[in-house]
K.L.:
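I am attaching a structure below and will ask some questions about it afterwards.
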Amino acid sequence: MRVLKFGGSSLATAETIRQVVEVVRGSVEDRQVAVVVSAFGGVTDELLTAARTAEENKDGWKQIVQSLETRHLSTVSELAVPSERPTLEARVQETHRELYDLLLGVSMVREVGARPLAR
């Protein structure tokens with residue numbers, strides 16, 4: 001078995017994601033492959049900034065969530081086949097609503113523990 005791991009810079013844009021897909025396709029011909037991917041480039045840092053901003057009860061986290069949603073929706077628009085776009089867009093929007101709700105709670109209690117940051 002071959003394990004392929006791609007970090008955030010490999011997943012920073014639709015074009016780099018296409019390159020990753022080609023690498024994976026070239027690796028699966030005659031063997032099993034496990035693919036491990038990180039978040040898009042810069043997303044982990046943005047999530048940490050959003051959590052800290054919400055903890056300080058500042059509104060900047062809302063713009064971060066909106067920016068992440070826009071980025072993810074744009075990538076879905078570029079990469080997904082048309083028949084799958086509505087389903088994938090709905091999943092992206094649902095995930096970002098959950099993130100918004102989580103950070104809203106953090107801003108209310110003004111605390112984000114180590115456990116949520118570790119996930």
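Owing to the predicted nature of the structure, the values given are computational and were not obtained by experimental measurement. We number each residue from 1, following the sequence as shown. Side chains are part of it too, since the values below use all heavy atoms of this structure and drop only hydrogens, waters and symmetry mates.
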K.L.:
Short question: side chain of Ser74, backbone of Thr70 - any donor-acceptor pair under 3.5 Å?
P.N.:
no
K.L.:
May I ask you to say whether Arg97 pairs ionically with Glu94, meaning some side-chain N is under 4.0 Å from a carboxylate O?
P.N.:
no
K.L.:
Please answer whether the main-chain N or O of Leu104 pairs with a side-chain N or O of Ser107 as donor and acceptor at a distance below 3.5 Å.
P.N.:
yes
K.L.:
Does atom CZ of Arg91 have more than 12 heavy-atom neighbours from other groups under 6.0 Å away?
P.N.:
no
K.L.:
How far apart are the closest heavy atoms of Gly7 and Ser38, and which atoms are they?
P.N.:
CA-OG, 3.6 Å
K.L.:
Heavy-atom count check: over 12 atoms from other residues, nucleotides or ligands less than 6.0 Å from Glu98 CD?
P.N.:
yes
K.L.:
Mind checking whether Val43 and Val20 sit in one hydrophobic cluster, side chains of I, L, V, M, F, W, Y counted as touching below 4.5 Å?
P.N.:
yes
K.L.:
Do Val35 and Leu79 sit in the same hydrophobic cluster, where Ile, Leu, Val, Met, Phe, Trp and Tyr count as joined when their side-chain heavy atoms come under 4.5 Å apart?
P.N.:
yes
K.L.:
With salt bridge (charged side-chain N to carboxylate O under 4.0 Å, His left out) as the rule and sequence neighbours excluded, what pairs involving residues 4-13 come up?
P.N.:
none
K.L.:
Please verify the inter-ring angle class for Phe40 with His72; under 30° counts as parallel, over 60° as perpendicular, anything in between as tilted.
P.N.:
parallel
K.L.:
Measure across Arg110 and Asn57 and return the closest heavy-atom pair with its distance rounded to 0.1 Å.
P.N.:
NH2-ND2, 2.6 Å
K.L.:
How long is the span from the CD1 atom in Ile64 to the NZ atom in Lys62, to the nearest 0.5 Å?
P.N.:
12.5 Å
K.L.:
Do Gln63 and Ser67 have side-chain N/O donor and acceptor atoms under 3.5 Å apart?
P.N.:
no
K.L.:
Could you tell me whether the side chain of Arg2 and the main chain of Val33 form a donor-acceptor pair under 3.5 Å?
P.N.:
no
K.L.:
Is it true that Val81 and Val24 fall in one hydrophobic cluster, defined by side-chain heavy atoms closer than 4.5 Å?
P.N.:
no
K.L.:
Which distance, rounded to the nearest 0.5 Å, do you find between the OH of Tyr100 and the CD of Gln66?
P.N.:
10.0 Å
K.L.:
Suppose we screen for side-chain contact (heavy atoms from CB on, under 4.5 Å). Which residues come up paired with Thr16, at least two apart in sequence or across chains?
P.N.:
Ala12, Thr13, Gln19
K.L.:
What I'd like to find out is whether the side chain of Ile17 reaches to under 4.5 Å of the side chain of Glu78, using heavy atoms alone.
P.N.:
no
K.L.:
Minimum heavy-atom separation for Ala54 to Leu103, with atom names?
P.N.:
CB-O, 3.6 Å
K.L.:
Give a yes or no on whether Leu68 and Val92 share a hydrophobic cluster (residues Ile, Leu, Val, Met, Phe, Trp, Tyr; joining criterion: side-chain heavy atoms under 4.5 Å apart).
P.N.:
no
K.L.:
Test of understanding: with salt bridge (Lys or Arg N to Asp or Glu O under 4.0 Å), list the residues that count as partners of Arg25, not counting sequence neighbours.
P.N.:
Glu22
K.L.:
What are the two closest non-hydrogen atoms of Gln93 and Glu69, and how far apart are they?
P.N.:
CG-OE2, 3.2 Å
K.L.:
Can Phe6 be reached from Val28 by stepping across I, L, V, M, F, W or Y side chains whose heavy atoms are under 4.5 Å apart?
P.N.:
yes
K.L.:
List the atom of Leu88, the atom of Ala80, and the distance in Å for their closest heavy-atom pair.
P.N.:
CD1-CB, 3.6 Å
K.L.:
Could you check whether any side-chain N or O of Ser77 sits under 3.5 Å from a backbone N or O of Leu73, counting only pairs where one atom can act as donor and the other as acceptor?
P.N.:
no
